[in-house]
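Hydrogens, waters and symmetry mates are skipped; everything else that's a heavy atom, side chains included, is used.
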Amino acid sequence: MVVEHFKEGAVPEVYRRFRERGRLMPDGLKYVSSWIDTDLKVCFQIMETDDASLFPRWTENWDDLMDFEIAPVRTSAEIAALVERG
């Protein structure tokens, strides 16, 4: 999961860049879905990859407009299966 914290006043530029250039993600990093808080300050984003080293290559395209938190997560079903296996 990626949590993006928009820098003060950056939201219009974020959406302009996205419209003009897309997500700017390297091959192997897949966007799944996202949600933005109603104050337009934080975006919660689900991404998929087998290579965590791709995240810095992606975030460097946006770090002038936002700060990032990246947390590896699994679905509840995946965790349940791991716990059952013991």
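Using a 4.5 Å heavy-atom cutoff, the side chains of P26 and L29 are in contact.
Judged by distance alone, the side chains of D51 and S53 do bring a donor and an acceptor atom under 3.5 Å apart.
Within 6.0 Å of the CG atom in D50, the count of heavy atoms belonging to other residues, nucleotides or ligands does not exceed 12.
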Exercise. For M25 and M47, what are the C-alpha separation, side-chain angles and deciding distance, and is it a side chain to side chain contact (heavy atoms under 4.5 Å, CB included)?
Worked result: CA-CA 10 Å; M25 294 185 310; M47 311 283 280; 3.2 Å; yes
Problem set entry | Residue pair F68, W58: steps toward the ring pair (Phe, Tyr, Trp, His ring centres under 6.0 Å) verdict | CA-CA 11 Å; F68 295 87; W58 168 62; 5.4 Å; yes
For this session: Start with the C-alpha distance between E4 and Q45, add both sets of side-chain angles, then the distance that settles side chain to side chain contact (heavy atoms under 4.5 Å, CB included), and finish with yes or no.
Result: CA-CA 8 Å; E4 302 171 344; Q45 197 159 257; 3.1 Å; yes
Exercise. Do R74 and L82 pass the side chain to side chain contact (heavy atoms under 4.5 Å, CB included) test, and can you show the C-alpha distance, the side-chain angles, and the key distance before you say yes or no?
Worked result: CA-CA 10 Å; R74 292 187 177 173; L82 286 172; 2.6 Å; yes
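By the 4.0 Å N-to-carboxylate-O rule, R16 lies close enough to E13 to be salt-bridged with it.
Between the OG1 atom of T59 and the CG atom of L65 there is a distance of 12.0 Å, given to the nearest 0.5 Å.
A single hydrophobic cluster is seen to contain both M66 and I70, as judged by linkage of ILVMFWY side chains at heavy-atom distances under 4.5 Å, directly or through other members. At a threshold of 4.5 Å between side-chain heavy atoms, the hydrophobic network of Ile, Leu, Val, Met, Phe, Trp and Tyr places I79 and I46 in two separate groups. Cluster membership for V3 and I36, using ILVMFWY side-chain heavy atoms within less than 4.5 angstrom, is not shared. V73 and W35 fall within a single hydrophobic cluster, where Ile, Leu, Val, Met, Phe, Trp and Tyr side chains are chained together by heavy-atom contacts under 4.5 Å. Both V2 and Y15 belong to a single network of hydrophobic side chains, linked directly or stepwise wherever heavy atoms of I, L, V, M, F, W or Y lie under 4.5 Å apart.
Between the side chain of T49 and the backbone N or O of A52, no donor-acceptor pair lies under 3.5 Å. Of the possible donor and acceptor atoms, none in the side chain of R17 sits under 3.5 Å from a partner among the backbone N and O of L24. Looking only at distances, a side-chain donor or acceptor of K7 sits under 3.5 Å from a matching main-chain atom of D63.
Sorted by first then second residue, the side-chain hydrogen bond (donor to acceptor under 3.5 Å, both in side chains) pairs that include residues 21-31, not counting sequence neighbours, are Y31-S34.
Closest heavy-atom contact between F6 and L40: CD1-O, 3.5 Å.
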